[in-house]
Amino acid sequence: MTIPGQPSASPEPAAPLLKVEGLVKHFPITKGLLRRQSGAVQAVDGLTFDVRPGETLGVVGESGCGKSTMGRLITRLLEPTAGRIEFEGRDITHLGVAGMRPMRRDVQMIFQDPYSSLNPRHTVGTIVGAPFRLQGITPEGGVKKEVQRLLGLVGLNPEHYNRYPHEFSGGQRQRIGIARALALKPKLVVADEPVSALDVSIQAQVVNLLDDLQEELGLTYVIIAHDLSVIRHVSDRIAVMYLGKIVELADRSPLYTAPLHPYTRALLSAVPVPDPARRARRERILLKGDVPSPISPPSGCRFHTRCWKATEVCAREEPPLLTLRPGHAVACHHPEDGSDSGARGAVT
Amino acid sequence: MTTAPAPAPGQPPAAFLEVRDLRIHFPTDDGLVRSVDGLSFRLDKGRTLGIVGESGSGKSVTSLGIMGLHTVGQYGRRRARISGEIWLDGKELMSADPDEVRRLRGREMAMIFQDPLSAMHPYFTVGAQIVEAYRVHHDVDKKTARKRAVELLDRVGIPQPDRRADDYPHQFSGGMRQRAMIAMALVNNPELLIADEPTTALDVTVQAQILDLIRDLQQEFGSAVIIITHDLGVVAELADDILVMYGGRCVERGPAEQVFRRPQHPYTWGLLGSMPRIDREQTERLIPVKGSPPSLINVPPGCAFSPRCPYADVPADGITRSERPELAPVPGTDRHHAACHMTHEERARIWTEEIAPKL
């Protein structure tokens, strides 16, 4: 099958580091004494994408679109309901805790909130050294020396080894979280909103740090964020999610300059721009209402309830994610380039 | 913010709202926290002032100070120490009787809080809370007040307002709660509206809706609005004037157009350089501000920004580290002020040659 997002013109068919097919996660809602299932939160509903070695895949969407659930599924902190996750060609979809443990060296996570993701009773040395202890690895030169090297790597003072998290500011704590994620030299780092809890001036420091580390260590990132400007800055390819589905997946510049999905266009137009002169003349698309509940998502295209281009077919049929241009996949019956679903058969 | 000569202390000003030398200090076990340390500004009716700063720069404390909320329910040693003058529509609030301020609060000045879930009472319906806010200030029966509440909910764009008024806050989505919060703030037609991070908890598409709503409502009611945020994009959307705060003080203020086009203070440059911009060409790297915001207990001597400022050594004799720069008008501009030791020429040169091309 065709893998959306894979540029057909790409000369090197580099094996993807992570391959996700039809990933589904439904959280059951139970009712009554017998806990009968009365419904499900369809947090993630059929995601297919892959992550190539060395690239940064940005995932963006509004709250409740399932982007964090997606992050927890590919790191296997959650058990998928259906679908398949392959890491380096190996199926990890249903591996248990023990089965996953060797994989944990290669897949690490950076969390959003640097206040709740660090144990307040542990020193920085214990926190950053924990991965070695858990994996039973003794790095060259001992754990302490390695931890101090990591602290230096993320721009902290190695002498702060014995301090506790509360002695650090938000930005420094996020650096501790990053040092911990990098301890085992992972191949893939999943960062869930790595900068959204930080101040603007600190955000830039952490974004630059992630950039430098990628270059230095050859990391592959999946960065999940709601901030479109941050995502544009860090990502090579971007997936836009809406209600548990990917609606558009494309390389960075085509996505921002010529988005094909109406939702992407609306998102981009809603970003406030720090330039008062542009306030008057910019074209704004205001979406009506809120994101519908993922418990009973709309039929057909999930965006049709808020879409200004929606027609009858949108409510009836779900648009598949199709590669309309090389490296640019979109799930829409009426994409922005004017090619409608009827004419689309010829394109793909 | 006008350049008219300031009336002598104790004299009522011409502006609708004028804050003079506001200081709000909190005694704690670790020392005195100087959250706001000498802040002055003016605001006229029908104008919007954007206060920008990072967490801990004193922007929220300022807004609560104007509302007179620091003096409520605090007694003894822990009581916040507040000085300065706040003039609202010719009345001085700081020395006024607390009961008088209470009558103004909600009626003449109202506030939109950041997190509507914690600002609303979970035990009462949204309608009941708006009705209460109205009946506190107006002697009307419940039926009239409810009609007013439903009318307001309708105005802020809540579908089926008559039915939704009987819902509890948790039954509303984030954006709707924020709308309800705005309805509650507007129910008494306040002349001063303070919005403290009104969209921080919201998604971009909803944020755009709320910003539009605030703008429309301001035009409709002609009130003065203070919008407090850390997001330069949000102030650029709404504000006529901008005030940049750092370490409890104002470092730069002026008309929005000028602050964005010719920013004067290195901290404002830093904020602009830290933001990835969606409206510009992709840059390779962001230009962060090094270090982290200062502790408000030990504010650095001299210019509070000097430890993080890349140009701290440009002015002669290390003056930035020993002497605090005062807010001075920027030559050749109208109402634009900055607190920096560098000369205007130096700042203009650095901005045009070093900073602006990299943004």
Side-chain angles (χ1 to χ4, degrees), chain A residues 60-65 155 168-172 195-209 211-212 226-234 242 252-253 256-257 263 266-279 282 284-293 306, chain B residues 52-57 157 159 172-176 199 201-209 211-212 229-240 242 255-261 267 270-280 282-293 308:
Chain A
V60 36
E62 294 181 277
S63 47
C65 73
F168 293 90
S169 68
Q172 287 174 314
V195 297
S196 65
L198 307 175
D199 269 321
V200 191
S201 71
I202 310 296
Q203 261 187 22
Q205 294 175 2
V206 173
V207 165
N208 280 350
L209 173 69
D211 241 13
D212 293 342
H226 68 277
D227 186 328
L228 285 131
S229 4
V230 168
I231 280 288
R232 180 177 95 147
H233 187 84
V234 297
Y242 186 77
R252 172 174 62 196
S253 58
Y256 280 84
T257 51
Y263 178 62
L267 266 187
L268 288 174
S269 79
V271 176
V273 167
D275 184 357
R278 281 173 56 117
R279 163 161 62 181
R282 61 195 285 229
R284 266 274 275 292
I285 304 164
L286 274 192
L287 289 180
K288 285 170 298 201
D290 292 306
V291 183
S293 156
R306 300 171 80 196
Chain B
V52 190
E54 294 179 272
S55 42
S57 61
F172 277 39
S173 72
M176 296 233 287
T199 59
L202 307 174
D203 285 315
V204 271
T205 55
V206 182
Q207 166 169 294
Q209 295 168 1
L211 293 181
D212 255 37
T229 175
H230 65 276
D231 188 336
L232 284 169
V234 170
V235 282
E237 293 279 332
L238 281 184
D240 302 308
I242 288 178
E257 192 83 3
Q258 283 180 29
V259 172
F260 277 103
R261 216 168 28 163
Y267 177 61
L271 284 181
L272 288 168
S274 305
M275 295 183 77
R277 301 264 307 242
I278 213 160
D279 58 328
R280 298 275 169 91
Q282 178 84 25
T283 47
E284 262 317 298
R285 282 180 80 77
L286 301 174
I287 319 156
V289 186
K290 64 177 185 197
S292 36
R308 303 176 74 191

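Just so it is clear: chains get the letters A, B, ... in the order the sequence lines come, proteins before strands, and each one is counted from 1. Note that the coordinates shown come from a computational prediction; the quantities given were computed from them, not determined experimentally.
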Chain B contact via [X] - side chain, backbone, both or neither, heavy atoms under 4.5 Å:
| X | result |
| --- | --- |
| A/Val200 | both |
| A/Ser169 | side chain |
| A/Asp211 | side chain |

Could you tell me which non-hydrogen atom of [X] sits nearest to which non-hydrogen atom of [Y], and how far apart they are?
| X | Y | answer |
| --- | --- | --- |
| B/Ile278 | A/Leu268 | CD1-CD2, 3.8 Å |
| B/Gln209 | A/Leu286 | N-CD2, 4.0 Å |
| A/Ser201 | B/Pro288 | O-CB, 4.0 Å |
| B/Pro276 | A/His233 | CB-CB, 3.9 Å |
| B/Gly291 | A/Gln205 | O-NE2, 2.9 Å |
| A/Asp275 | B/Ala236 | N-CB, 3.4 Å |

With sequence neighbours excluded, residues passing ring pair (Phe, Tyr, Trp, His ring centres under 6.0 Å) with A/Phe168: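 Ring pair (Phe, Tyr, Trp, His ring centres under 6.0 Å) check on A/Phe168 returns A/His160.
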
Under the side-chain hydrogen bond (donor to acceptor under 3.5 Å, both in side chains) test, residues paired with B/Thr205 that sit two or more places apart: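 Partners of B/Thr205 by the side-chain hydrogen bond (donor to acceptor under 3.5 Å, both in side chains) criterion, ordered by chain and then number, come out as A/Glu62.
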
Residue, of B/Ala239, B/Pro293, B/Gly270, B/Gly273, that accumulates the most heavy atom pairs under 4.5 Å with chain A: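 Heavy-atom pairs under 4.5 Å are most numerous for B/Ala239.
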
When B/Asp212, B/Val289, B/Asp279 are compared by non-hydrogen pairs under 4.5 Å with chain A, the top option: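 Heavy-atom pairs under 4.5 Å are most numerous for B/Asp279.
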
When A/Ala266, A/Ala204, A/Pro274 are compared by non-hydrogen pairs under 4.5 Å with chain B, the top option: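 Most heavy-atom pairs within the cutoff with chain B belong to A/Pro274.
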
Residue selection (most heavy-atom pairs with chain B, distance under 4.5 Å) from A/Gln203, A/Arg306, A/Arg252: A/Arg252

Side-chain donor-acceptor pair present, B/Ser292, A/Gln172, cut-off under 3.5 Å: no

What's the spacing between [X] [atom1] and [Y] [atom2] if we round to 0.5 Å?
| X | Y | atom1 | atom2 | answer |
| --- | --- | --- | --- | --- |
| B/Asp203 | A/Leu287 | CG | CG | 11.0 Å |
| B/Arg285 | A/Asp212 | CZ | CG | 4.0 Å |
| A/Leu198 | B/Ser274 | CG | OG | 12.0 Å |

Structural part of B/Arg261 lying under 4.5 Å from a heavy atom of chain A: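 Contact with chain A is absent: no heavy atom of B/Arg261 under 4.5 Å.
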
Engaged part of B/Glu257 at the chain A interface, taking heavy atoms whose separation is under 4.5 Å: both

